[in-house]
Amino acid sequence: MPKAGPKAEPKAGHRAAVETEDDRLLASAAFSQPLLDWYDQHGRKSLPWQRDPTPYRVWVSEIMLQQTQVATVIGYFDRFMARFASLAELAKAPQDDVLALWSGLGYYARGRNLHAAAQQVMREYGGELPTEREQLESLPGIGRSTAAAILAQAHGAREAILDANVKRVLSRVYAITQWPGQRHVEQRLWRIADHHTPAVRAAHYTQAIMDLGATLCRARQPQCFLCPVQSLCRAHQQGIAAQLPAKKPKTQIERRQRHGFFVLAHCEGQVWLQRRGASGVWGGLWCPPEFDDETRRQDWIDARHGRMVARGCIEHALTHFDFFIHYCVVDIARSEGHGAAVHDDTARWITSADALRLGLPAPIKRLLQEISL
DNA sequence: AAGGCGGGGGG
DNA sequence: CCCCCAGCCTT
């Protein structure tokens with residue numbers, strides 16, 4: 001990889017021999033002011049969590065927005081708020097109810113952490129999210145950037161954020177060609193982010209820089225011709241905006257495959273589901289019984305005198321492997337095995353319709369809907 | 001088919 | 001402290 005990008009040229013001739021990083025910082029307001037002006041004209045101001053931006057609502061939105069685009073989050077957010085209007089209601093809800101509303105959103109640890117954090121806030125802070133960044137960061141699921149976003153959006157505090165949008169914008173404006181995953185690069189980005197965060201209109205500024213990153217200064221095909229800070233942007237001047245931020249040096253993990261063998265046991269319009277263990281794929285979600293191989297699955301079916309009526313395979317892509325979901329539909333009698341555990345916290349007979357109200361992995365949800373036992 | 005996306009937890 | 005990712009969506 002040609003890393004020989006132009007080193008920052010001293011603009012004035014009489015600079016010190018070793019140019020410090022501070023020498024290259026733009027004036028704080030030279031960046032924030034045009035950004036705020038652009039936000040006033042083009043920024044998003046009526047997203048669900050921007051209307052009535054309480055700490056609780058901002059928090060939930062920020063957790064959902066991790067790894068997930070705004071357009072996807074909106075529906076989940078509205079349903080979540082309809083069911084859990086307050087932090088107290090979230091805290092007292094069963095985890096299943098929380099995961100049910102998270103179903104399809106992915107990264108289910110976010111939902112579990114959100115739920116656990118709500119309970120922690122009830123215990124330790126009397127039900128009010130703390131207003132100290134350090135205390136926020138001690139809650140599960142809240143890191144430095146999410147804590148800052150909550151403080152800025154809900155309290156108007158001057159707190160710098162550094163999510164992927166902001167990293168991209170600042171990497172370009174400052175033409176930072178090193179990978180932001182490197183510690184010193186990330187630290188520098190935090191300093192730059194802090195430098196440009198204004199004391200007044202901090203909430204608007206925070207939203208503005210995220211909006212810019214999401215709409216114009218996006219990962220692919222940045223719309224520099226519309227950008228309010230185009231004239232400041234060193235990457236644009238150098239014609240390398242689209243190549244920044246630098247990508248992680250590829251460690252080339254070979255994509256693996258995994259096969260899971262599932263039984264959709266069917267009886268009187270109901271299906272047998274079990275809660276998965278907390279670790280591993282789809283931790284804590286509900287699923288039909290899964291086996292590592294077809295033999296073990298057949299043993300399970302035979303032991304219950306099941307009658308196979310259909311089978312198939314669907315493929316589901318996860319981060320580092322392709323999951324082949326081999327399923328079969330089996331009629332079994334309710335008396336064959338599970339009579340006692342009709343309905344408890346780890347396994348139950350349930351109709352497909354009711355199952356959709358549990359936390360289900362996306363492909364399992366689709367499967368149940370399509371098969372509609 | 002590949003790339004984007006924060007924080008926790010594991011090595 | 002790195003390093004990695006057990007999930008979706010978009011392009």
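Labels below follow one simple rule: chain letters A, B, ... track the order of the sequence lines, proteins then strands, and each chain is numbered from 1. Remember, predicted model here, so these are calculated numbers, not experimental data.
Heavy atoms of other residues, nucleotides or ligands lying less than 6.0 angstrom from CD of A/Gln243 number more than 12. For CD of A/Glu124, the number of neighbouring non-hydrogen atoms (other residues, nucleotides, ligands) closer than 6.0 Å is greater than 12.
Residue contacts shown for A/Gln66 are limited to sugar-phosphate atoms, with no base heavy atom under 4.0 Å away. The residue A/Ala362 sits close only to the backbone: its heavy atoms come under 4.0 Å of sugar-phosphate atoms, none of a base. Looking at heavy-atom distances under 4.0 Å, A/Arg110 makes no contact with the nucleic acid at all. The residue A/Thr68 sits apart from the nucleic acid: no heavy atom pair falls under 4.0 Å. Here A/Gly181 lies out of heavy-atom contact (under 4.0 Å) with every strand. Looking at heavy-atom distances under 4.0 Å, A/Ile63 makes no contact with the nucleic acid at all.
In this pair, A/Trp49 and A/Phe77 present their aromatic rings perpendicular. The plane angle is above 60°, beyond the 30 to 60° band. Classification of the A/His42-A/Trp38 ring pair by plane angle, with boundaries at 30° and 60°, yields tilted.
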Kindly indicate, with the supporting measurements, whether the criterion salt bridge (Lys or Arg N to Asp or Glu O under 4.0 Å) is fulfilled by A/Arg296 and A/Asp299. CA-CA 5 Å; A/Arg296 287 165 205 264; A/Asp299 290 346; over 6 Å; no
Applying salt bridge (Lys or Arg N to Asp or Glu O under 4.0 Å) to A/Arg357 and A/Asp96, what does each step give before you reach the verdict? CA-CA 8 Å; A/Arg357 289 196 280 275; A/Asp96 279 339; over 6 Å; no
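One atom, OH of A/Tyr107, and another, P of B/dG4, lie 13 Å apart when rounded to the nearest Å. Look at OH on A/Tyr76: it is 11 Å from C1' on C/dG7, rounded to the nearest Å. Taking atom CH2 of A/Trp179 as the reference point, atom P of C/dC2 lies 11 Å away to the nearest angstrom. Rounded to a whole Å, the CG atom of A/Leu65 is 14 Å from the C1' atom of C/dC8. For the pair A/His184 NE2 and C/dC1 P, the computed distance is 16 Å after rounding to whole Å. Separating the CD atom of A/Gln69 from the C1' atom of B/dG6 is a distance of 14 Å, rounded to the nearest angstrom. Rounded to an integer number of Å, the gap from A/Gln221 CD to B/dA2 C1' is 15 Å. One interatomic measurement links the two molecules: CD of A/Glu186 to P of B/dG6, which rounds to 12 Å at whole-angstrom precision.
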Listed pairs, N/O of protein and of nucleotides 8-11 of chain B, under 3.5 Å:
unit_1, atom_1, unit_2, atom_2, d
B/dG8, OP1, A/Gly141, N, 2.8
B/dG8, OP1, A/Ile142, N, 3.4

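For A/Arg183, whose side chain is taken as the heavy atoms from C-beta onward, the closest listed nucleotide among B/dG4, C/dC1, B/dG6 is C/dC1. Of all nucleotides listed (B/dG6, C/dC8, C/dT11), C/dT11 comes nearest to the side chain of A/Arg220. Comparing C/dC8, B/dG6, C/dC9 by their closest approach to the side chain of A/Thr72 singles out C/dC9. The listed nucleotides are C/dC8, B/dG6, B/dG4; the one nearest the side chain of A/Asp163 is B/dG6. Closest approach to the A/His316 side chain among C/dG7, B/dG4, B/dG6 is made by C/dG7 (side chain taken as heavy atoms from C-beta onward).
Under the 6.0 Å distance and 45° angle rule, A/Arg201 does not count as a cation-pi partner of A/Tyr205. The side-chain tip of A/Lys92 does not point at the ring of A/Phe84 from less than 6.0 angstrom away and within 45° of straight on.
Taking atom P in both B/dG8 and C/dC9, the straight-line distance is 24 Å, to the nearest Å. Between the P atoms of C/dG7 and B/dG10, the separation comes to 14 Å (whole Å).
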